Amino acid sequence: MKVKLFAHLQTEAGCGEIELSPAGKITADELWQMLDGKIPGITRHKNSTRVAKNYVYTTLDETFSDADEIALIPPVSGG
């Protein structure tokens with residue numbers, strides 16, 4: 001599973017993309033737990049970050065598999 005990171009999440013991780021290998025389908029909470037194993041403390045952004053699966057924003061009850069491409073999109077501002 002490819003997880004793309006944007007904005008300050010990318011800065012915090014030191015990279016724009018992380019590979020995860022879940023054994024099967026996982027929940028959003030399990031996704032965040034796996035990410036926290038690779039990027040300690042990232043879960044503090046969970047409540048303010050939108051998650052997209054295969055280019056579509058997801059809901060909290062979404063499940064994810066190894067074939068999915070995930071994007072973590074934190075709030076951004078522009079002007």
Side-chain angles (χ1 to χ4, degrees):
M1 163 186 306
K2 185 184 299 185
V3 180
K4 294 187 173 197
L5 306 167
F6 295 93
H8 63 273
L9 298 178
Q10 185 177 47
T11 302
E12 191 170 321
C15 61
E17 191 173 289
I18 292 182
E19 288 285 334
L20 299 176
S21 298
K25 288 198 177 258
I26 60 172
T27 65
D29 283 335
E30 291 167 327
L31 170 68
W32 281 100
Q33 289 172 3
M34 289 181 77
L35 287 166
D36 199 57
K38 299 247 182 193
I39 311 164
I42 196 168
T43 54
R44 73 177 178 274
H45 302 291
K46 179 180 174 182
N47 291 331
S48 62
T49 300
R50 295 288 311 266
V51 178
K53 173 177 141 181
N54 303 322
Y55 305 100
V56 177
Y57 285 114
T58 64
T59 61
L60 294 174
D61 59 346
E62 189 70 52
T63 59
F64 306 92
S65 69
D66 194 41
D68 292 326
E69 181 176 280
I70 310 301
L72 300 182
I73 305 166
V76 294
S77 62

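This one's a predicted model, so the numbers in the text were calculated from it and none came from an experiment. The basis for the numbers below is simple: all heavy atoms, side chains too, and nothing from hydrogens, waters or symmetry mates.
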- prompt: Only one of Val3, Leu60, Thr58, Ile73 clears side-chain contact (heavy atoms from CB on, under 4.5 Å) with Val51; which?
  reply: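 Result: among Val3, Leu60, Thr58, Ile73, Thr58 is the only option passing the side-chain contact (heavy atoms from CB on, under 4.5 Å) with Val51.
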
- Scan Thr63, Leu31, Asp66 and name whichever one has a side-chain contact (heavy atoms from CB on, under 4.5 Å) with Pro22.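 Testing Pro22 for a side-chain contact (heavy atoms from CB on, under 4.5 Å) against Thr63, Leu31, Asp66 leaves exactly one candidate, Asp66.
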
To the nearest 0.5 Å, tell me how far [X] [atom1] sits from [Y] [atom2].
{"X": "Ile18", "Y": "Ile42", "atom1": "CD1", "atom2": "CD1", "value": "6.5 Å"}
{"X": "Leu72", "Y": "Leu35", "atom1": "CG", "atom2": "CG", "value": "6.0 Å"}
{"X": "Thr49", "Y": "Phe6", "atom1": "OG1", "atom2": "CZ", "value": "12.0 Å"}
{"X": "Trp32", "Y": "Ile26", "atom1": "CH2", "atom2": "CD1", "value": "12.0 Å"}
{"X": "Cys15", "Y": "Gln10", "atom1": "SG", "atom2": "CD", "value": "7.5 Å"}
{"X": "Glu62", "Y": "Asp68", "atom1": "CD", "atom2": "CG", "value": "8.0 Å"}

Query raised in the report: Stepwise, does the side-chain contact (heavy atoms from CB on, under 4.5 Å) test hold for His8 with His45?
Result: CA-CA 10 Å; His8 63 273; His45 302 291; 3.5 Å; yes

*Work out which heavy atom in Ala13 is nearest to a heavy atom in Ile39; give both atom names and the distance.*
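The answer is CB-CD1, 3.5 Å.
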
What closest approach, in Å, do Lys25 and Ser65 show between heavy atoms, and which atom pair accounts for it?
->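 Scanning both residues, the minimum pair turns out to be CG-CB, 4.4 Å.
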
Salt bridge (charged side-chain N to carboxylate O under 4.0 Å, His left out) pairs, two or more places apart, involving residues 36-47: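 Listed once each, the pairs are Glu12-Arg44, Asp29-Lys46.
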
**Prompt:** In chain order, what residues pass the side chain to side chain donor-acceptor pair (under 3.5 Å) check against Thr59, with sequence neighbours excluded?
**Reply:**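 Expected list: Asp61.
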
- prompt: Does Glu17 have any side-chain contact (heavy atoms from CB on, under 4.5 Å) partners at least two apart in sequence or in another chain, and if so, which?
  reply: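 Only Lys2, Lys4, Glu19 meet the side-chain contact (heavy atoms from CB on, under 4.5 Å) criterion with Glu17.
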
